[in-house]
Amino acid sequence: MPDDIKQRIEKQLTALKQERIYWQTDDIHSWGELSEATKLRVLEAEFDWTGINDKQKEDVLSAEIDFKQITRDQLNFVYEEIASDEIDERPARRLFDEANFANAVANADRSSFEAQ
């Protein structure tokens, strides 16, 4: 099979796998009163992320979870509770760090810079 056809098929399969995750989240989209940490736990432990790359996983997680509402202790607890080597926690940790860095910058006291 020519490489261009193989690449096109692999790209289509990856898109279908990502759509599968979105279909599953549509089924539970009304999260109700669940905390953001609980949503993360459900998404990480109950969904099959096979075939989904880090960027695609970040897209889904960022659409469903407000990482500014999760503390580092809660984030750590989610992954300690799941305790699975099969779950790649890097995308969620990256989103957490980005959200909290942006939050820290937004809350920084800029008065010392304004005085200069």
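Just so we're clear, the structure is a prediction, and the values are computed from it rather than from any experiment.
- A distance of 10.0 Å separates CZ of Phe67 from CG of Asn100, quoted to the nearest 0.5 Å.
- Under a 3.5 Å cut-off, the side chain of Gln74 and the backbone N or O of Thr71 do form a donor-acceptor pair.
- Scored by the side-chain hydrogen bond (donor to acceptor under 3.5 Å, both in side chains) test, Ser62 finds no partners at all (sequence neighbours excluded).
- Note on Asp54 versus Arg90: salt bridge recorded, some NZ/NE/NH1/NH2 to OD/OE distance being below 4.0 Å.
- Partners of Glu98 according to the side-chain hydrogen bond (donor to acceptor under 3.5 Å, both in side chains) rule, which considers only residues two or more places apart in sequence or in another chain, do not exist here.
- Distance CG/Leu34 to CD1/Ile65: 11.0 Å, rounded to 0.5 Å.
- Pairing each heavy atom of Val78 with each of Ala37, the nearest pair is CG2-O, 3.5 Å.
- One finds no salt bridge joining Glu58 and Lys55 here, because no Lys/Arg side-chain nitrogen approaches an Asp/Glu carboxylate oxygen to under 4.0 Å.
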- Message: Determine whether Lys57 and Glu44 satisfy the following criterion, salt bridge (charged side-chain N to carboxylate O under 4.0 Å, His left out), listing intermediate values before the conclusion.
- Response: CA-CA 10 Å; Lys57 186 174 181 178; Glu44 287 286 41; 2.8 Å; yes
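- Evaluation of the side-chain hydrogen bond (donor to acceptor under 3.5 Å, both in side chains) rule for Asp97 yields Arg72 as partners, not counting sequence neighbours.
- In this structure, CG on Leu61 lies 10.5 Å from CZ on Arg94, to the nearest 0.5 angstrom.
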- Take Arg93 and Asp88, measure what side-chain contact (heavy atoms from CB on, under 4.5 Å) needs, and give me the verdict at the end. CA-CA 10 Å; Arg93 291 194 180 276; Asp88 183 2; over 6 Å; no
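- Using a 4.5 Å heavy-atom cutoff, the side chains of Val60 and Phe47 are not in contact.
- The hydrophobic clustering, which links ILVMFWY residues whose side-chain heavy atoms are closer than 4.5 Å, places Leu40 and Phe77 apart.
- Separation of atoms CG (Asp66) and CG (Leu95) is listed at 11.0 Å; rounding is to 0.5 Å.
- The residues Arg41 and Glu46 are annotated as salt-bridged, a charged nitrogen and a carboxylate oxygen being separated by less than 4.0 angstrom.
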